[in-house]
There are 4 protein chains.
Amino acid sequence: MTGATASRGRIDKRQAILAAAFTVFARRGYAQACVQEIAEVAGVAKPTVYNHLNDKENLFRHAVTAAADAVAAENLAVVERVRNPGDDLRAALEDVARGLLQVCSGQRCRSLRQLTYAQLTVFPDLADAVHERTSVRLTEALADRLARLALAGRLRAGDPTEAAEQFLALLTGPLEHRSGLGAREVSAAETHAVATAAVDTFLRAYRPEPVQH
Amino acid sequence: MTGATASRGRIDKRQAILAAAFTVFARRGYAQACVQEIAEVAGVAKPTVYNHLNDKENLFRHAVTAAADAVAAENLAVVERVRNPGDDLRAALEDVARGLLQVCSGQRCRSLRQLTYAQLTVFPDLADAVHERTSVRLTEALADRLARLALAGRLRAGDPTEAAEQFLALLTGPLEHRSGLGAREVSAAETHAVATAAVDTFLRAYRPEPVQH
Amino acid sequence: MTGATASRGRIDKRQAILAAAFTVFARRGYAQACVQEIAEVAGVAKPTVYNHLNDKENLFRHAVTAAADAVAAENLAVVERVRNPGDDLRAALEDVARGLLQVCSGQRCRSLRQLTYAQLTVFPDLADAVHERTSVRLTEALADRLARLALAGRLRAGDPTEAAEQFLALLTGPLEHRSGLGAREVSAAETHAVATAAVDTFLRAYRPEPVQH
Amino acid sequence: MTGATASRGRIDKRQAILAAAFTVFARRGYAQACVQEIAEVAGVAKPTVYNHLNDKENLFRHAVTAAADAVAAENLAVVERVRNPGDDLRAALEDVARGLLQVCSGQRCRSLRQLTYAQLTVFPDLADAVHERTSVRLTEALADRLARLALAGRLRAGDPTEAAEQFLALLTGPLEHRSGLGAREVSAAETHAVATAAVDTFLRAYRPEPVQH
DNA sequence: GATGAATGAGAATTCATTCAT
DNA sequence: CATGAATGAATTCTCATTCAT
């Protein structure tokens with residue numbers, strides 16, 4: 001029991017450090033963030049941070065990767081909701097669209113984008129990892145759903161990955177535009193409008209071809 | 001004449017410093033970049049950098065703003081090409097699309113995005129300025145062209161700004177996706193494909209409504 | 001006990017830094033002194049200086065204040081010696097005079113004067129603090145003693161603060177004059193002569209009025 | 001004529017630089033003062049300062065020496081006023097006392113003291129020169145007057161230099177005490193009181209011995 | 001394992017001083 | 001002679017990282 005408790009305490013401490021690190025990195029950027037502040041936010045002493053994660057770079061990698069995992073999970077859960085679309089295809093797609101926009105306009109997701117972008121040239125492999133988790137997987141999961149819909153004749157046939165890319169682009173592009181690169185919060189009304197417009201355009205472009213006879 | 005030469009020399013040096021600064025900031029990121037390296041790349045002594053631009057922040061602001069101006073000019077020039085679309089609308093839009101992708105996939109534009117994103121929380125006003133120059137103006141210029149086309153009955157009527165947002169989203173979203181957030185170069189073939197797909201989707205969604213009779 | 005040792009070590013280090021700082025500031029002046037040299041003299045690394053005292057200004061303030069406290073204690077101890085003057089008033093006053101001159105002609109006191117004077121306009125509040133500790137308190141302590149003597153009829157009545165001011169002036173004025181503003185050491189013989197002359201003048205001026213009858 | 005005008009202009013410029021230098025040195029201290037600011041105050045370009053006075057040290061030496069000369073002249077003029085004391089010795093001495101206090105409490109004299117003190121260890125020879133001009137010469141000039149008075153039987157015989165030292169000490173000591181080392185201005189009323197008290201004490205101590213018969 | 005203390009390396013910034021005009 | 005521009009040399013301060021306890 002003691003052992004379990006101790007391990008748990010240790011794990012908790014590690015989690016606290018990673019969470020604090022993400023917060024501070026998001027607040028200051030990689031280089032401007034200092035380990036001191038992270039330790040303070042985590043409520044531990046500086047060397048404890050070094051005991052758990054070897055150096056600043058490692059700390060950054062783990063904090064960012066953890067955030068990317070969380071965002072990935074959220075995104076995939078949203079896409080999963082369209083597995084059984086029901087009769088109203090538009091409604092189902094709008095549900096996904098709103099869900100994704102909610103995730104993308106959240107604090108964590110914006111910070112993640114920012115940090116990853118910022119360190120693109122410094123830690124290119126990390127950028128790859130994040131991109132894989134948040135963008136590639138999401139696109140593929142969505143492509144899977146769209147492929148099913150095409151097969152069922154509810155969408156025009158075509159490259160489902162390309163369709164998924166475009167569906168996501170119609171969401172994130174206007175969102176980014178309206179949030180000023182993610183600096184400003186975007187009102188619920190506005191994300192709603194973006195979602196509606198995206199689905200509308202998508203459905204117009206991907207409605208099944210009229211049957212020839 | 002002497003004065004002109006001297007001034008010219010001074011202006012040249014200032015330009016050299018700003019160019020070097022943008023290069024080094026792009027290579028290392030804001031905080032990791034050191035003024036020393038910028039001075040070396042510019043071929044001047046460190047204090048000369050401080051004589052021309054008062055401190056590191058100022059240097060960053062000017063370097064980024066100058067790059068944003070250049071990108072803005074390039075983008076607007078591309079959009080201008082669609083002012084007289086000719087008979088083949090699809091060809092005209094594909095021309096714009098390819099032109100914009102060429103700009104956006106260029107080194108400078110990617111660095112600019114990266115730097116701006118990275119310092120979003122630190123220099124929010126700078127992010128605003130860049131966003132205004134590169135995104136807002138571009139969207140509006142494109143919206144102007146699309147509005148004319150709608151008026152001429154060659155596109156479905158609707159909010160032209162929204163249409164422009166979506167047109168641009170269909171370009172930059174997939175581009176970003178395929179370049180891994182902008183880390184990798186994207187082949188000409190791929191940008192070509194993205195442009196074609198974007199225009200195709202856009203035209204399907206925005207073709208004029210069939211006339212009722 | 002371990003804790004005690006550690007604390008003691010820390011306190012020792014802080015003392016060493018303050019002592020080194022005073023030495024180096026005295027040697028070079030505030031602005032010319034560099035923290036590097038202070039650290040070397042203290043036998044620690046530069047950042048250790050910053051860990052203990054936050055910046056150069058703080059370091060200066062603490063070093064000077066500590067010196068002022070030490071000088072104040074010495075001066076007050078000397079004045080205390082005249083609490084029970086005995087029969088020979090002249091001897092008692094000469095004792096005080098010599099004691100004070102010894103303190104004032106000492107290295108620390110001269111450096112303190114110099115540093116305080118030098119930074120009068122830059123750190124006026126520090127100058128106030130030093131003046132209060134070294135000059136005001138001393139004058140008042142001496143005034144207390146002189147008041148008692150006047151009450152006992154051994155000195156002419158009058159404003160004791162003014163008398164104390166003048167007593168001290170008769171010591172420090174000529175001392176400063178002979179030491180060339182404190183640059184040169186003054187020989188014991190000369191301080192002796194100054195003390196004797198000061199007491200002589202003081203007693204002539206403050207001898208009790210001849211009793212009227 | 002051109003030559004004369006030119007020389008005059010050159011001399012004026014040099015004076016302006018020295019005056020500006022004294023002002024700025026007084027405001028900031030030697031090391032904190034920067035040549036740039038001095039040039040601005042003097043209304044010339046930085047290299048012009050270097051053309052006239054070779055380097056910062058030289059600039060400081062000349063500026064301080066010039067100020068010392070001016071102060072010396074003022075002091076000596078005041079002492080000269082007691083050459084023909086008239087019947088009322090007390091009045092004559094009070095006149096000198098007030099005159100000297102007025103000089104010593106002036107801005108220039110305080111700045112001069114400050115700067116000289118500050119650089120005592122860095123430029124000891126400069127301190128000597130200032131001390132000689134402002135303190136030694138003054139003491140000797142006053143000693144001359146006091147010697148004449150003693151010879152005339154209006155003061156007790158004794159070492160006139162010592163008497164002069166004490167007379168000056170009774171003025172400057174209390175003045176310094178009340179001005180907080182020269183930081184604060186001293187009201188006219190207070191300098192008046194200091195002068196009166198000094199002369200009173202001086203006359204009590206130096207009145208002629210009652211004649212034996 | 002956690003921490004208070006210490007430090008080596010490095011970065012921004014300033015400034016006296018010198019060229020070239 | 002006066003000056004705009006450039007620079008070499010310092011200096012303060014910060015921070016990731018490591019010991020010793």
Side-chain angles (χ1 to χ4, degrees), chain A residues 6-7 9-10 13-14 31-39 43-59, chain B residues 1-3 5-7 9-10 13-14 17 31-39 42-59, chain C residues 1-3 5-7 9-10 13-14 17 31-39 42-59, chain D residues 6-7 9-10 13-14 31-39 43-59:
Chain A
S7 305
R10 183 156 173 73
K13 206 160 268 189
R14 186 187 166 93
Q32 294 94 334
C34 77
V35 178
Q36 172 74 323
E37 187 177 358
I38 292 173
V44 301
K46 224 188 323 177
T48 303
V49 175
Y50 283 89
N51 285 340
H52 283 264
L53 293 132
N54 287 323
D55 55 17
K56 195 185 180 183
E57 182 179 328
N58 206 244
L59 183 54
Chain B
M1 219 150 47
T2 312
T5 306
S7 303
R10 183 157 173 76
K13 209 154 265 188
R14 187 190 166 92
I17 291 171
Q32 292 95 332
C34 81
V35 178
Q36 171 76 310
E37 185 177 359
I38 292 173
V44 300
K46 219 185 332 173
T48 303
V49 176
Y50 283 91
N51 283 344
H52 283 263
L53 293 134
N54 289 322
D55 55 17
K56 195 184 181 184
E57 179 177 332
N58 207 246
L59 182 53
Chain C
M1 217 149 46
T2 311
T5 307
S7 304
R10 184 157 172 78
K13 208 154 266 189
R14 187 188 167 93
I17 291 171
Q32 293 95 332
C34 80
V35 177
Q36 171 74 314
E37 184 176 359
I38 292 172
V44 301
K46 221 190 324 174
T48 302
V49 175
Y50 284 92
N51 283 343
H52 283 263
L53 293 134
N54 289 321
D55 56 16
K56 196 184 179 183
E57 180 178 330
N58 206 245
L59 182 54
Chain D
S7 307
R10 184 156 171 75
K13 206 160 266 188
R14 186 187 166 93
Q32 293 94 331
C34 76
V35 177
Q36 172 75 311
E37 186 177 357
I38 292 172
V44 301
K46 227 192 315 178
T48 304
V49 175
Y50 283 88
N51 285 341
H52 283 264
L53 293 132
N54 288 322
D55 56 16
K56 194 183 180 185
E57 180 178 330
N58 206 244
L59 183 54

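Reminder, nothing fancy here: chain letters follow the sequence lines and each chain counts from 1. This one's a predicted model, so the numbers in the text were calculated from it and none came from an experiment.
Distance CG (D:Asp55) to P (E:dT18): 8 Å, rounded to an integer number of Å. Between the P atom of F:dC1 and the CG atom of D:Leu53 lies a distance of 14 Å, rounded to the nearest Å. Rounded to a whole Å, the CG atom of B:Asn58 is 10 Å from the P atom of E:dT13.
Taking the side chain as every heavy atom from C-beta outward, B:Leu59 and B:His52 never approach each other to under 4.5 Å. For the pair D:Lys56/D:Val49, no side-chain contact is recorded, criterion being any heavy-atom separation below 4.5 Å from C-beta on.
Toward the 5' end of DNA chain F, the nearer of the two residues D:Val44 and B:Ala45, judged by each one's closest nucleotide, is D:Val44. Nearer to the 5' terminus of DNA chain F, by closest-nucleotide assignment, is the contact made by B:Pro47 (compared with the other of B:Pro47 and C:Pro47). With the nearest nucleotide of DNA chain E identified for both A:Thr48 and C:Lys46, A:Thr48 has the one nearer the 5' end.
Proximity of a side-chain donor or acceptor of C:Lys13 to a complementary backbone N or O of C:Ala42 within less than 3.5 Å is not detected.
Residue-level contact check: D:Ala31 touches neither bases nor backbone, having no heavy atom under 4.0 Å from any strand. At the heavy-atom level, A:Ala39 lies nowhere under 4.0 Å from the strands shown.
Taking the side chain of A:Tyr50 as heavy atoms from C-beta on, and the options F:dC13, F:dT18, E:dT17, the nearest nucleotide is F:dT18.
Both key distances under 3.5 Å define a Watson-Crick or G-U pair, and stretches of 3 or more such consecutive pairs in DNA chain F run E:2-21 with F:2-21.
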